[in-house]
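Below you'll find the structure, written out as structure tokens, and then a few comments.
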Amino acid sequence: MNLYICEKPSQGRDLAKVLGCSTRHEGSLSGGNNTVTWCLGHLLELFEPHEYDPKYKRWCIEDLPIVPESYRYRVKSASAKQYKVVADLIKKADCVFIATDFDREGEAIARTILERTRYHGPVKRVCLSALDDLSIKRALNNVREGDETVSLYYSAQARLRADWVVGLNLSRLFTLLGRASGFNGSVPVGRVITPTVALVVDRDLQIRNFVPVPYYELKVQVNTERGNFTAGWNVPEAVADESGHCLDRKFAEQAAQAVSNAAGIIASAEKKPVKEAAPLPFDLTSLQQYASKKWGYTAQQTLDAAQSLYESHKATTYPRTDCRYLPLSQFGDVSAVLHSMQAADPSLAELVAKANPSRKGRVFKSDIDSAHHAIIPTTRVPDLASMNPCERNIYNAVRAYYLMQFFDDAVFLKSVIRVEAGGHSFTARGKITADQGYRIVPVTLGLLGGEPEDEQQEDNVRLPDVQTNDPCTVTDPTILDKKTTPPAHFTEATLLAAMENIARFVQEERFKKILKETAGIGTPATRAGIIENAIKHNYIERSKKSLLATDKAFAVIPKLPAGMKSAGLTAAWEQELDKIAHNEETTGDFMQNIEKWVRSMITNYLSRSDFVISGVASEGKSAAGGTRTSAGRSNKSSSAETRKSTAVKSSVKSSSSVRKTQPAAVAPDSGAPACPNCGRPMILRTNKTKGNRFWGCSGFPQCRGTMPADE
């Protein structure tokens, strides 16, 4: 039997339809020699600390670091029924086809089950990029050997274990240290969430500490025989600050007086056509940025809509991608995709008719260094009426960005005129549209205003056709009083952009080079969840479209180690995970370095006495949401601190007593099977009541897994 393992039921049903598997069973579909089953996301999850040893239920500094000798998985309680279905089918399979999402997490979902069930047969990989029939058939005709993709599993495994070790140990460490100093709250930390929160804290501190500086601009009217226009002052270098601003009003007034009604000359005049190619189709991050700017959607809302368009509507391709290009193999589908778009929405007929499906623009590349291509519409005709408003908006944006690829470049006439008069120079810039080109698509569909790459055009400014050395007169000098402004608060869109392009926020030169070669911190699939987690843990809050740091974040982040806050370090870890995915490093070496770093961090902070979280009484919110501070803590608070410190110490004592009551470990039998619950080797035991023999987990009593002796 060929067994196909999918990630979700909907994915399984789509694959089963193409394979002709129509006979329904509990948790699977079959037909001929093929059976399709599915997971419910991850069916297995790592043990919690107390499952390795009950003493870890109580948080105790003395027990840190918690680093398992071997990492064990358990079946998720909510997924136990489906796990049994998948595990039983694996035992009967002659060949397993992994058909989960083609990324490292999808690989891990299937491989952890194969490893747990001790499957040693052939493994093949179905690389799905979309769930319409044509895409599934293409994937089935291009199945890869399992050995080619197993390294994705190793990378996912390393990421999961590293996050477990770092997040669990350091969250316990800093929470306990915080409580000992009087902070009544948790201090969750992690290799991605902490630098993300640090970005928001740093930005809000810049805004809070910003002191505006006045500066002065000078505008003049330039009059020529060919027409008049407005020009701006080029501030002389001698009086310009780093931003080119004039900070001396007296000097600006002198310049205005010098050029008032002065005869001048056109020092240079340039006019040239400039072509602009259509923006590339979306990857997930650029789609989230666009949707945040255009409709105010959160990153999670956009991801959910894009996932629904992919899974439920089959209207778009795989959304969790970091690529904005298409493989050349997709070029043959252009006409079919355009046809499906028009069939779903006849109002597109005029635009589709103007498109050139034979135009092979920059979007098509022969070599794409990514498991997935850009998000585009599928060849399936979607039912737009069945989409909710958010899904409809996202689909509209995706189809528009695809359609733009088959239009000519937009052409603009850019003019730059430099004027000299009264010992000063001025510049005027103009831009008019000569040919709309691809821009007819977003204009027609009402999609301007959300461009992730600031693709919005300036208002048309037409300058007269003056020539170099033409005479002119400068009149009406006007001084504009301006002030420097602070950077803007992060929004969902700009924080996503910062996470993706983190190199520009990092000072360490050694990390800058690494970061320019990686995709920032987090992945397109996880960044929305990171932001939501930061909000859940009360580090960040939403205020209209802005994301603001809370008082808790201001109090906690400065106290955490630089290594945890450094986007450079976490991105360097991501680079190591990428090396594992490309067979350039082993999981063991990576984890050894992670564990060593965690141990040194714990040792360092336990030897210090200056870890004090002050400024908040507990999980305080930002000023915008009503701040509750503890600037003047009372004796009652001090007593609370004493009680918390005592509680930390008593937890050490309790943990020690638990340790003493644990039964001595029993050596497992040689060649024993693995425990079905935790994976540890088992011991052959005798039931004292019935007298029969059975296999029992060597980790008893923490794990009570058993297995009949005849197995």
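All of these numbers come straight from a predicted model, not from anything done at the bench. The basis for the numbers below is simple: all heavy atoms, side chains too, and nothing from hydrogens, waters or symmetry mates.
- Take Arg144 and apply the side-chain hydrogen bond (donor to acceptor under 3.5 Å, both in side chains) test, not counting sequence neighbours, and it matches Glu148.
- Rounding to the nearest 0.5 angstrom, the gap separating the CE atom in Met499 from the CZ atom in Phe490 is 10.5 Å.
- Under 3.5 Å, the side chains of Glu276 and Tyr438 contain a donor-acceptor pair of N or O atoms.
- Ser546 and Ser543 form no side-chain donor-acceptor contact under 3.5 Å, judged by distance and modelled atom types alone.
- Using bins of under 30°, 30° to 60° and over 60° for the plane-to-plane angle, the ring pair Trp164/Tyr71 lands in the perpendicular bin.
- Inspection of the Arg125 and Thr100 side chains reveals an N or O donor paired with an N or O acceptor under 3.5 Å.
- Using a 30° and 60° split on the angle between ring planes, Tyr401 and Phe282 fall in the parallel class, below 30°.
- Asp333 has a carboxylate O that lies under 4.0 Å from a charged side-chain N of Arg138, or vice versa, which qualifies the two as a salt bridge.
- A salt bridge between Arg320 and Asp101 is absent, with no side-chain N of the basic residue lying under 4.0 Å from a carboxylate O of the acidic one.
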Salt bridge (Lys or Arg N to Asp or Glu O under 4.0 Å), that's the test. Do Arg159 and Glu576 meet it? Break it down for me. CA-CA 10 Å; Arg159 193 275 308 164; Glu576 297 306 302; over 6 Å; no

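- Of the inter-residue distances, the one linking Ile376 atom CD1 with Tyr402 atom OH reads 5.0 Å to the nearest 0.5 angstrom.
- Applying the side-chain contact (heavy atoms from CB on, under 4.5 Å) test to Ala277 and every residue at least two apart in sequence or in another chain returns Arg362, Asp409.
- Nearest heavy-atom pair, Leu548 versus His489, reported as atom, atom and distance to 0.1 Å: CD2-ND1, 3.3 Å.
- The list of salt bridge (charged side-chain N to carboxylate O under 4.0 Å, His left out) pairs with a residue in residues 277-291, not counting sequence neighbours, is empty.
- With salt bridges taken as basic N to acidic carboxylate O contacts below 4.0 Å, one links Asp345 and Arg399.
- When ring centroids are compared, Trp38 and Tyr4 stay outside the 6.0 Å threshold.
- In this structure, Cys127 SG and Asp103 CG are separated by 11.0 Å, a value rounded to the nearest 0.5 Å.
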